Amino acid sequence: MEHNIVITGTFLDEITTDIPSNNWGPEEWDRDFASMREMGIKRVFMIRAGFNRFLAYPSRFIPQKRKTYPVHQDFIRLFLQLAEKHGMEFWPGNYVGHNTRGEYFNDLDFDKTVADEIWEHYGQRSPAFGGWYFSKEIGRCEARETEIFLKLASHCKKISGNKPIMVSPYISLLPDVPRNAGGHIPEWMEPPMDFSLFREEWDKLFRSLAGGVDILAFQDGYIPYLYFGEICRIMKELGEKHGIKVWMNCESFDRDKPFRFPPINWNTMRCKLESAAEAGIREAITFEYSHFMSPYSLWPSAGHLRKRYMEWKNQPEQPVGLP
Amino acid sequence: MEHNIVITGTFLDEITTDIPSNNWGPEEWDRDFASMREMGIKRVFMIRAGFNRFLAYPSRFIPQKRKTYPVHQDFIRLFLQLAEKHGMEFWPGNYVGHNTRGEYFNDLDFDKTVADEIWEHYGQRSPAFGGWYFSKEIGRCEARETEIFLKLASHCKKISGNKPIMVSPYISLLPDVPRNAGGHIPEWMEPPMDFSLFREEWDKLFRSLAGGVDILAFQDGYIPYLYFGEICRIMKELGEKHGIKVWMNCESFDRDKPFRFPPINWNTMRCKLESAAEAGIREAITFEYSHFMSPYSLWPSAGHLRKRYMEWKNQPEQPVGLP
Amino acid sequence: MEHNIVITGTFLDEITTDIPSNNWGPEEWDRDFASMREMGIKRVFMIRAGFNRFLAYPSRFIPQKRKTYPVHQDFIRLFLQLAEKHGMEFWPGNYVGHNTRGEYFNDLDFDKTVADEIWEHYGQRSPAFGGWYFSKEIGRCEARETEIFLKLASHCKKISGNKPIMVSPYISLLPDVPRNAGGHIPEWMEPPMDFSLFREEWDKLFRSLAGGVDILAFQDGYIPYLYFGEICRIMKELGEKHGIKVWMNCESFDRDKPFRFPPINWNTMRCKLESAAEAGIREAITFEYSHFMSPYSLWPSAGHLRKRYMEWKNQPEQPVGLP
């Protein structure tokens, strides 16, 4: 028996902000791509092409506009080469940065030029270039942001012969459930929720992305398990209504431990996957394989998470009951 | 020369609250039990049979009373089988949860029914069933709690042909010594302590548990080293007075580092063990082997802690002096 | 092509305060020294000879003055033996502790007696004894402290036949740039800095150490990258002016992640090394090899940091540009 949902993609995180580096070179990344492929991953998404002063590739454009650090490793080139070698797709992210007021800056022309640079120097030359991931994370329907998304999507599709666009929003509009380090959520902290406002707002968001965005992989990290099924069902329904494919971005790290972040408990990941599958979602990507599911991770428990996932993926489910 | 104290037991933590999961399956747990046995561990204590929505076994009763997550792994069954295989005793814990006011809930009938379920489906069928661990942690003599302990103890003994009961209280009534992340306790923070109030309160607690509880393994984690010897002596003395066996619950994780929790420094663990041995305590259990002493742990330094412990256990002590 | 800067030394941290122990014994330390030597390390500096109640060697003097824990491992002896075996120099640190008001205590006679003890029992007998590291960390020119440094330096040189003295101050007088866990510093948080006050204060500090201190290895951990080059140039210039050799204490751990502390990202370390090299600094030490660069570390990513460093050290630099 096959499960109805599988993990087919992972983010790649090398413009590290809050995840400690594995300090891998090309050889270690090659080994990791091989192990991803073997687990069933066919698409890799670069979390960002740059973050404030850190750049993931030797851009000529960005350093003219923003102060940046020297670039010693061209991750876009490396990841594209490895994607080709292992028969996978590579999707680059955008540059993300703060403006002088400390807010995320929005600049359509800037984003377009970065896309041009990536397409010209990498995308058009590689059969592994799969599409565009838009790194900015949204969770509400804010006109200014979704407008930029649509215009940028249109530009990216034009230059790339219509390659698809993916976004990965966070789930907003939930009751304020504290996720304290070190504890699980007791039941009294998950009050019954009225999903009508939620559905209404997300309907607007889907509508405002339709025609530009092809895939929406919602982040599952902040969804209390009590609401999980219903939220997956709403996402799936709205995706069908607006012609956007819905995937689950299934976090493989644990937000509920006293330190941030170890690999997640397999049991929790399995609950999330099965809950999404029941709602009709068929594809998951994860943030992210190399730290939280890889046998080569900084965290030795990551490889065991992968092992548990593979057992579940390959074996018929066995019901567990009292002996 | 043999040391006067040895580690003969460990907790098992798979209803993880604040410890990240090793993500082990039956094969990895088997390997770990073998390595515990080889270190001298003959008893394993399950930290909890359930915690809020998480269950360690596929209870039929608990989900009728509390919202719980699906159970994919029957840890009581697995741990009992491995205990049998490796010639060890298994002691289950209770279910621990919060009520709607966010307090730990106390319900004697609930606890009794869980004990019945565990005895009927696991305990009575397995020669490895060693006794009952009561998961609720107390540190003061509160009548309502100790009364429930006594009644539950009486029930558990009745159904199981008098299997013994263990509790593991935390040490209360110490001066308020801050345990700041990242630092050790400077001497000026450990003021001289008057132990008479301490002895009086613990005398009451031991008395209120006598006749029901057979073993008290006090948690050593919050005891400043300055008071360690005296507290061990008081525990030992009160245990003899009230007919309760006293063990040390020697924590193998470090509370004093900036992140919670790495394996403890061997030197600290050795100081604690030797201090307890001097006070006449002969047996220690630890919280817990699989994350903090196992060569297979998430933390690579855990295996080295085990190695240091084994050297100390097997070799005559060599005095260290200036060359 | 050779790089102009190399890592020739590391601290040794076994009086652990905020770094979790690797729990190594003599065999594991031997293996680690071999791997240090192979990376090019020729000097090891003990971070402290004692910290509050913890002692790194079985001092007879210190326990007469301060409450201390039993000593089970003589790290000065072990580290000296391993330094001899592997052809390296060993430099001991001092005892560091708090007084009853919670301040670091300063006591010249105490420090002298500890130095005497270390010289008599270890230093004079070992060809590997390289010099003295003064563990107290300063960052401003405070007369009381620098005076003690000078007097202690004079004493240590007298008893040891003029062995050199190293200090490792932190960089003070920077604009208050928050180093939030989990984020990088956006550009608007690094305001332009006027270095004249900085130069003036450090000129005083260098002057007050001249004649006693031989090497000043400044900590690079809190220096925003924007100021890195200029601060290295000022350090180098002041060192030449006052006859003190200037090294960089290049931290190999990351201060900017949500938990403290994983190994640093190689890219950041390389930026720091190259920036110092450009300013004319030729030698670096690191805090510290065994947790953050060793293949045997608690952190599996440490060995990869070492690998990246070795590649950089051994290979001609290849410019990275757009393909």
Side-chain angles (χ1 to χ4, degrees), chain A residues 20 178 180-192 224-226 228 252-275 278 292-293 297-312 315 317-323, chain B residues 14-28 51-61 66-77 80-81 97-105 117-118 120-122 125-126 181 257-262 291 296-300 302:
Chain A
N180 290 326
H184 285 297
I185 301 164
E187 152 171 27
W188 52 273
M189 288 170 125
E190 292 182 6
Y225 188 68
L226 186 65
F228 216 92
S252 39
F253 61 95
D254 203 325
R255 293 181 180 273
D256 292 325
K257 295 287 166 278
F259 72 90
R260 291 178 297 158
F261 301 101
I264 203 169
N265 189 314
W266 161 241
N267 194 61
T268 307
M269 194 178 201
R270 176 172 166 175
C271 283
K272 299 194 297 179
L273 286 167
E274 295 187 349
S275 193
E278 260 177 55
F292 305 114
M293 298 193 82
S297 160
L298 168 71
W299 304 110
S301 55
H304 285 115
L305 179 59
R306 183 190 190 280
K307 230 175 140 181
R308 298 292 85 77
Y309 169 77
M310 288 300 277
E311 287 167 2
W312 171 84
Q315 284 166 21
E317 203 172 336
Q318 304 195 345
V320 173
L322 282 173
Chain B
E14 253 324 288
I15 301 300
T16 40
T17 58
D18 54 2
I19 311 284
S21 179
N22 277 314
N23 282 318
W24 289 344
E27 197 185 319
E28 289 90 2
F51 183 62
N52 286 325
R53 302 206 162 165
F54 293 82
L55 298 182
Y57 75 105
S59 171
R60 258 184 234 131
F61 167 69
R66 313 263 306 167
K67 278 203 177 139
T68 55
Y69 295 143
V71 173
H72 301 125
Q73 174 76 56
D74 184 344
F75 282 110
I76 295 192
R77 188 177 194 167
L80 260 180
Q81 284 169 348
H98 296 87
N99 62 21
T100 49
R101 288 182 306 280
E103 307 154 349
Y104 280 102
F105 84 101
E117 195 173 55
I118 290 176
E120 182 190 341
H121 294 279
Y122 306 95
R125 309 178 182 189
S126 173
K257 294 290 166 276
F259 71 92
R260 291 177 297 156
F261 303 101
H291 285 89
Y296 310 115
S297 160
L298 168 72
W299 304 110

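Note on naming: letters A, B, ... go to the chains in the order of the sequence lines (proteins, then strands), and numbering restarts at 1 for each one. Just so you know, these numbers come straight off a predicted model, no measurement behind them.
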Measuring from [X]:[atom1] to [Y]:[atom2], what's the distance to the nearest 0.5 Å?
{"X": "B:N23", "Y": "A:F292", "atom1": "CG", "atom2": "CZ", "result": "12.5 Å"}
{"X": "B:W24", "Y": "A:R308", "atom1": "CH2", "atom2": "CZ", "result": "10.5 Å"}
{"X": "B:Q73", "Y": "A:R270", "atom1": "CD", "atom2": "CZ", "result": "9.0 Å"}
{"X": "A:S301", "Y": "B:E28", "atom1": "OG", "atom2": "CD", "result": "11.5 Å"}
{"X": "B:F54", "Y": "A:C271", "atom1": "CZ", "atom2": "SG", "result": "7.5 Å"}
{"X": "A:N265", "Y": "B:I19", "atom1": "CG", "atom2": "CD1", "result": "12.5 Å"}

Could you tell me whether the side chain of [Y] reaches within less than 4.5 Å of the side chain of [X], counting heavy atoms only?
{"X": "B:R53", "Y": "A:L226", "value": "yes"}
{"X": "A:L322", "Y": "B:Y57", "value": "yes"}
{"X": "A:H304", "Y": "B:S21", "value": "no"}
{"X": "A:E311", "Y": "B:E27", "value": "no"}
{"X": "A:F259", "Y": "B:P20", "value": "yes"}

For the interface with chain B, which of A:G321, A:S275, A:P262 has the highest count of heavy-atom pairs at distances below 4.5 Å?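 Option with the greatest count: A:G321.
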Residue pair A:P323 / B:R125: nearest heavy atoms and the distance that separates them: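 Answer, listing the atom of A:P323 first, then B:R125: C-NH1, 3.4 Å.
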Walk me through it: do B:R260 and A:K257 pass the test side-chain contact (heavy atoms from CB on, under 4.5 Å)? CA-CA 9 Å; B:R260 291 177 297 156; A:K257 295 287 166 278; over 6 Å; no
Side chain, backbone, both or neither of B:E117 within contact of chain A (heavy atoms, under 4.5 Å):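 Just its side chain gets close to chain A.
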So which part of B:R60 gets closer than 4.5 Å to some heavy atom of chain A, the side chain, the backbone, both or neither?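 For B:R60, the contact with chain A is made by backbone and side chain together.
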